[in-house]
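This report refers to the structure that appears directly beneath it.
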Amino acid sequence: MDNGPPRGTRDLLPDSVARREAVMAELAGSYARFGFRRIETPCIEDLSRLSWGEGGDNEKLIYKILRRGLDPVVAAGIALGDLVDLGLRYDLTVPLTRFYANNAGKLPLPFRAMQIGPVWRAERPQRGRFRQFTQCDIDTVGEPSVLAEAELLEATLTALGAIGIEGVTVRVNDRRLLAALAAEVGVSESALRAFYVILDKLDKIGWNGVRDELVEQGHSGAVGGRCEQIVSLISGAGSPDGAIARAADLLPGMAESVLTELRETFDALSRVGAAAPPGALTACLDTTVVRGMGYYTGQIFELAHPDAPSAIAGGGRYDDLVGRSLGKKVPACGISIGFDRVVEMARFAPPDLGVALLHSAEVPRWEVLEMARRVRLEGDSATLVSRRGQLKVQLATLQSAGYSSFVVVEPGGVSERRPLRG
RNA sequence: GUGGUCGUAGCUCAGUUGGCAGAGCGCCAGGUUGUGGUCCUGGAAGUCGGGGGUUCAAGUCCCCUCGGCCACCCCA
């Protein structure tokens with residue numbers, strides 16, 4: 001009998017949970033100091049809300065839930081839509097927009113939300129990639145200016161710093177810049193999505209691969225070449241400001257406001273970097289950052305770290321998403337930390353398990369319980385441990401398990417409470 | 001969803017052309033020690049991921065299936 005959890009999910013042992021809780025508390029504490037308030041939404045949502053047509057692939061990844069009360073045997077030819085009506089959320093952003101639309105009247109403007117919770121995607125699992133995983137999300141709803149982006153990035157970098165993660169690279173791009181690039185090289189509106197996906201793969205397949213795939217998609221050979229020319233010139237500028245200046249020259253179709261906002265974001269990042277330890281933060285304009293979710297409308301971000309194989313955080317502006325639920329356009333922006341990807345990288349002090357009360361079987365049980373009670377009344381943790389084997393071996397085991405002190409209770413009496421030391 | 005690769009004790013892994021299921025560590029017991037990982041002796045423990053097939057005989061060969069890892073796809 002296989003007692004393992006379902007594929008792509010994990011059991012978490014006490015030490016893992018202790019680490020996760022401690023890291024989570026640090027992140028949440030950091031976010032709270034920026035004014036983000038924690039909310040919770042259900043794990044399930046109406047399927048129609050989760051699969052509103054954005055990205056056919058994403059819909060396939062949703063875990064769908066059968067309607068209640070179906071007959072044990074369903075008729076042949078019945079449509080899937082008649083069998084399922086709910087689904088497990090695949091991110092925290094879509095539920096947030098429903099939450100906001102439902103509660104807008106009780107929320108301040110702008111509303112800064114923090115969410116920490118599990119999401120599900122029915123992907124093929126790999127290391128660092130699960131079917132159930134945890135996101136740490138912060139979002140600002142109702143702030144149209146780039147103040148939201150600057151604040152979200154600073155909060156995320158501060159939170160990562162609080163758990164000891166430094167040397168982060170912030171890759172910034174803008175969906176409007178991407179659209180201007182596509183227009184400039186002659187990619188039609190309908191081919192936009194596929195064009196973005198190919199561009200996103202540049203760091204994996206190189207320019208040769210990008211050109212090949214563009215041709216495969218039916219673009220002329222000139223598209224790839226022109227694309228490479230523009231992207232290389234921008235990324236070769238050496239500084240974000242230089243990159244923005246070149247982007248302005250090369251992509252005349254882009255609105256001035258896009259450039260201004262990018263400058264503001266980089267200015268904010270450089271100020272954050274100046275206040276942080278040297279090397280803790282680098283930022284660049286990377287015109288190949290795309291982000292998978294289709295709902296982004298403005299600046300988009302991906303945070304990379306040399307120790308992480310893939311992005312540790314990502315996000316961006318999604319000004320049209322709340323409007324789908326609320327019926328009235330409300331600007332919004334958010335960033336999500338991939339909790340499962342940063343938790344192992346985080347600085348972590350194991351919790352103190354307190355006092356181990358080593359008792360032999362000869363000691364009356366009530367006496368041991370009484371002792372433990374007294375320890376707990378003093379505010380410490382106490383755990384009853386049966387005395388067995390060699391004392392020195394048992395003490396060493398307890399020490400490495402996380403206990404900080406011990407008491408030996410024997411029929412002859414009770415020892416002093418002594419510290420366990422390495 | 002597609003392709004590759006692996007799956008033997010709690011853990012890390014050996015296991016030859018198919019021929020009695022193994023080691024180290026850990027765990028348990030006893031001795032030594034007697035308030036800090038000593039040493040010695042002994043012990044428990046595996047339907048060899050699961051199912052089917054070939055064979056006198058399968059951990060080993062074949063098929064299916066489940067799971068891990070890797071590359072796609074996509075993403076945090």
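In what follows, every heavy atom counts, from backbone to side chain, and hydrogens, waters and symmetry copies are set aside. Quick caveat: nothing in here was measured; it's all calculated off a predicted structure. In what follows, every chain begins at residue 1, and chains take the letters A, B, ... in the order their sequences are listed.
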Reckon [X] touches a base, only the sugar-phosphate, or nothing at all at heavy-atom distances under 4.0 Å?
{"X": "A:G8", "result": "sugar-phosphate"}
{"X": "A:A122", "result": "nothing"}
{"X": "A:P419", "result": "base"}
{"X": "A:I337", "result": "nothing"}
{"X": "A:V119", "result": "nothing"}

Using the [atom1] atoms only, state how far [M] lies from [N], rounded to an integer number of Å.
{"N": "B:U47", "M": "B:C40", "atom1": "P", "result": "31 Å"}
{"N": "B:U55", "M": "B:C62", "atom1": "P", "result": "16 Å"}
{"N": "B:A58", "M": "B:C72", "atom1": "C1'", "result": "35 Å"}
{"N": "B:G26", "M": "B:G37", "atom1": "C1'", "result": "13 Å"}
{"N": "B:G22", "M": "B:U16", "atom1": "P", "result": "14 Å"}

Residues [X] and [Y] bridged, charged N to O under 4.0 Å:
{"X": "A:R176", "Y": "A:E261", "answer": "yes"}
{"X": "A:E151", "Y": "A:R112", "answer": "yes"}
{"X": "A:R324", "Y": "A:D320", "answer": "no"}
{"X": "A:D82", "Y": "A:R67", "answer": "no"}
{"X": "A:D340", "Y": "A:R20", "answer": "yes"}

Shortest side-chain distance from [X], nucleotide among [options]:
{"X": "A:V197", "options": "B:U35, B:G34, B:C74", "value": "B:C74"}
{"X": "A:L391", "options": "B:U35, B:C73, B:A71", "value": "B:U35"}
{"X": "A:L420", "options": "B:G37, B:C73, B:G36", "value": "B:G36"}

Identity of whatever pairs with [N] - Watson-Crick or G-U, under 3.5 angstrom:
{"N": "B:G7", "answer": "B:C66"}
{"N": "B:G22", "answer": "B:C13"}
{"N": "B:U2", "answer": "B:A71"}

Side-chain donor or acceptor of A:T287 paired with backbone N/O of A:V231 under 3.5 Å
no
Does the A:R171 side chain pair with the main chain of A:I300, one donor and one acceptor, at a distance under 3.5 Å?
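No, A:R171 side chain to A:I300 backbone: no donor-acceptor pair under 3.5 Å.
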Rounded to whole Å, please give me the gap between [atom1] in [X] and [atom2] in [N].
{"X": "A:R131", "N": "B:G67", "atom1": "CZ", "atom2": "C1'", "answer": "11 Å"}
{"X": "A:F130", "N": "B:C70", "atom1": "CZ", "atom2": "P", "answer": "10 Å"}
{"X": "A:E213", "N": "B:C74", "atom1": "CD", "atom2": "P", "answer": "8 Å"}
{"X": "A:R127", "N": "B:C72", "atom1": "CZ", "atom2": "P", "answer": "14 Å"}
{"X": "A:R7", "N": "B:G68", "atom1": "CZ", "atom2": "P", "answer": "5 Å"}
{"X": "A:L395", "N": "B:U38", "atom1": "CG", "atom2": "P", "answer": "12 Å"}
{"X": "A:Q217", "N": "B:C73", "atom1": "CD", "atom2": "P", "answer": "12 Å"}
{"X": "A:Y196", "N": "B:C73", "atom1": "OH", "atom2": "P", "answer": "19 Å"}

Polar pair under 3.5 Å, donor/acceptor by atom type, side chain A:R129, base B:C73
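Checked by distance alone, the answer is yes.
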Whether [X] contacts [N] is assessed here as follows: a side-chain N or O lying under 4.0 Å from the phosphate OP1 or OP2. Is that the case?
{"X": "A:R121", "N": "B:C74", "answer": "no"}
{"X": "A:Q126", "N": "B:A71", "answer": "yes"}
{"X": "A:K204", "N": "B:A71", "answer": "no"}

Relative to the 5' end of RNA chain B, which residue comes earlier, A:K201 or A:S415, by the nucleotide with the nearest heavy atom?
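Taking each residue's closest nucleotide, the earlier one in sequence belongs to A:S415.
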